[in-house]
Amino acid sequence: MATSMIYLIVTILLVAADTAFAESNMLQDFCVADLKGEKVNGYRCKDPAQVTPEDFYCLANAASTTNTTLGSAVTSANVEKIPGLNTLGVSMSRVDYAPGGLNPPHLHPRASEAIFVLEGRLFVGFLTTTGKLIYKHVNKGSQNPGAQGVGLSLFGANPPIPDDLLAKAFYLEPQEIQKVKGKFPIKK
């Protein structure tokens with residue numbers, strides 16, 4: 001009985017080892033997007049022999065904020081600009097701000113956000129699902145993960161989001177923001 005059990009265990013281990021070694025040959029180091037190919041739930045992988053260093057690189061220079069309404073300009077770096085990001089679930093953006101500029105309240109339903117400040121200081125934050133505002137002034141060289149605005153609950157945040165920021169983000173006058181805030185109880 002003991003000998004049969006040993007043979008069974010050895011057989012299972014050999015099959016598992018063979019499977020593990022066979023599987024490792026099927027893995028790929030990367031799946032650079034073939035932007036010219038058909039797109040079905042994402043991009044197909046480019047032939048590895050055709051991959052170049054440019055598939056993993058994108059230089060985002062500072063964007064002009066002078067002709068923007070909110071004083072900010074977003075330069076996205078997703079799989080269309082960096083094909084090497086394909087299948088990684090990653091994209092990046094560079095946001096340039098004029099003094100007093102604003103990136104409007106927004107959300108990322110399928111992503112997280114991390115902020116790194118190259119120069120200056122930013123007021124950043126996010127709302128919890130209960131409407132609590134988590135915020136901080138982020139200085140050069142520091143980062144703060146996540147930024148999520150949640151629709152109308154912006155107007156009931158605790159502590160409240162400053163009226164002048166909401167007015168600028170929604171193209172309203174501060175008096176209109178006060179009217180809207182009056183319709184929403186402050187969340188505790």
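Val79 forms part of a hydrophobic cluster together with Leu35, Tyr43, judged by ILVMFWY side-chain heavy-atom separations under 4.5 Å.
Using a 4.5 Å heavy-atom cutoff, the side chains of Thr128 and Ile134 are in contact. Using a 4.5 Å cut-off on side-chain heavy atoms (C-beta onward), Thr75 and Ser93 make no contact. At a threshold of 4.5 Å between non-hydrogen side-chain atoms, the residues Asp55 and Pro53 do not count as touching. Side-chain contact between Asp34 and Gln50 is absent, with no heavy atoms from C-beta onward closer than 4.5 Å. The shortest side-chain heavy-atom distance between Leu122 and Tyr97 falls under the 4.5 Å cut-off. Contact check for Lys181 versus Pro160: side-chain heavy atoms found under the 4.5 Å cut-off.
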**Stepwise side-chain contact (heavy atoms from CB on, under 4.5 Å) test for Val117 and Asn139** = CA-CA 6 Å; Val117 179; Asn139 297 308; over 6 Å; no
**Message:** Working note: Leu133 + Phe126, criterion side-chain contact (heavy atoms from CB on, under 4.5 Å); need CA distance, chi angles, decisive distance, verdict.
**Reply:** CA-CA 6 Å; Leu133 175 63; Phe126 63 94; over 6 Å; no
**Request:** May I have the step-by-step check of side-chain contact (heavy atoms from CB on, under 4.5 Å) for Glu38 and Arg44, ending in yes or no?
**Result:** CA-CA 7 Å; Glu38 185 179 331; Arg44 294 178 187 226; 4.1 Å; yes
**Prompt:** Should Phe155 and Ile177 be marked as a side-chain contact (heavy atoms from CB on, under 4.5 Å) after you check the CA-CA gap, both sets of side-chain angles, and the distance that decides it?
**Reply:** CA-CA 8 Å; Phe155 300 105; Ile177 295 296; 3.8 Å; yes
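In terms of hydrophobic clustering, with Ile, Leu, Val, Met, Phe, Trp and Tyr side chains grouped at heavy-atom distances under 4.5 Å, Val138 and Val95 are assigned to a common cluster. No continuous path of ILVMFWY side-chain contacts below 4.5 Å connects Val51 to Leu85, so the two sit in separate hydrophobic clusters.
Closest non-hydrogen pair, Thr65 versus Ala98, comes out as OG1-CB, 3.3 Å. What you find for Pro174 and Ala167 is that their closest heavy atoms are N-CB, 3.9 Å.
Classified by interplanar angle (parallel below 30°, tilted 30° to 60°, perpendicular above 60°), the ring pair Tyr135/Phe123 is tilted.
Considering CG of Leu70 and CG of Asn103, their distance stands at 8.0 Å, rounded to 0.5 Å. Atom CG of Asp163 sits about 12.0 Å away from atom CD of Glu173, to the nearest 0.5 Å. Annotation: the span from Lys136 atom NZ to Arg121 atom CZ amounts to 10.5 Å, rounded to 0.5 Å. Atom CG of Leu165 sits about 11.0 Å away from atom CZ of Phe170, to the nearest 0.5 Å. Of the inter-residue distances, the one linking Leu166 atom CG with Gln178 atom CD reads 10.0 Å to the nearest 0.5 angstrom. We find the CG-CZ distance between Asn86 and Phe30 to be 11.5 Å, quoted to the nearest 0.5 Å.
At least one donor-acceptor pair under 3.5 Å links the side chain of Ser72 to the backbone N or O of Leu102.
Sorted by first and then second residue, the disulfide (SG to SG under 2.5 Å) pairs involving residues 34-117 (not counting sequence neighbours) are Cys31-Cys45.
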